[in-house]
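Worksheet: the structure to be examined is printed underneath.
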Amino acid sequence: MSTPVDYPVALALQDFMPVVLTGVGAACLIRPVARAVPRARATAATGTALILAGGLSKAVWKLVVSLDGPDVQPMNKALFPLLAAGFLLLAHALLTLPSPVASPRGTDRVPPLWGFAATWTLLGAVSLLLPRPCPPWS
């Protein structure tokens, strides 16, 4: 059971600005990626969608709570897992772009997508094992 949250509506509305700006910025990366490496378009678009979904989930949760609505914790907790997965997918898509500097062998090496997924999963599992800081009221 969670404790009630006192969150002003004006601040909750303000939280949409960085979400929208980050979403627009990430979306602006999709076209150049698709033009340079068409097979990476879906990866960039999925990453952008996950980034936007994570930010919107948290911002909508704050707005709902500020309007005395239900405290839906999955919306609150979705931010970091969605951002992590989204930025990893977007980073992978960006790494597939041809290097402006020619590599010695003439081929650029991009880590496989499964390597990014394994890293994300491993770091998530490690974070679950880390001790949680005690809240100041305990």
Would you kindly confirm whether [X] and [Y] end up in one hydrophobic cluster when ILVMFWY residues are joined by side chain heavy atoms under 4.5 Å apart?
X	Y	result
F80	F87	yes
L67	V64	yes
L13	V60	yes
M75	V9	yes

Which heavy-atom pair separates [X] from [Y] by the least distance, and what is that distance?
X	Y	result
L97	V37	CA-CG2, 4.1 Å
P70	V65	O-CG2, 4.2 Å
L63	S66	O-OG, 2.8 Å

(message) Listing request: all salt bridge (Lys or Arg N to Asp or Glu O under 4.0 Å) pairs with a residue in residues 21-31, at least two apart in sequence or in separate chains.
(response) none
Please list all pairs meeting side chain to side chain donor-acceptor pair (under 3.5 Å) that have one or both residues in [range], counting only residues at least two apart or in different chains.
range	answer
residues 11-22	Y7-D15, D15-K62
residues 74-88	K58-N76, Q73-N76
residues 78-88	none

Check: [Y] and [X] side chains under 4.5 Å, non-hydrogen atoms:
X	Y	result
W61	D71	yes
V33	L94	yes
L29	T48	no
L113	L89	yes

(message) Closer than 3.5 angstrom, by distance alone: can the side chain of S57 be matched with the main-chain N or O of G54 as a donor-acceptor pair?
(response)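 It does not hold such a pair.
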To the nearest 0.5 angstrom, please state how far the [atom1] atom of [X] sits from the [atom2] atom of [Y].
X	Y	atom1	atom2	value
L90	I30	CG	CD1	8.0 Å
W114	T119	CH2	OG1	8.5 Å
L95	T43	CG	OG1	11.5 Å

(message) Taking side chain to side chain contact (heavy atoms under 4.5 Å, CB included) as the definition, give me every residue that meets it alongside L82, ordered by chain and number, with sequence neighbours left out.
(response)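 With neighbours one apart ignored, the set is L50, A53, A78.
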(request) List for me each residue that meets side chain to side chain contact (heavy atoms under 4.5 Å, CB included) alongside L52, sequence neighbours excluded, and say none if there are none. (result)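 Per chain and number, L52 pairs via side chain to side chain contact (heavy atoms under 4.5 Å, CB included) with V19, L56.
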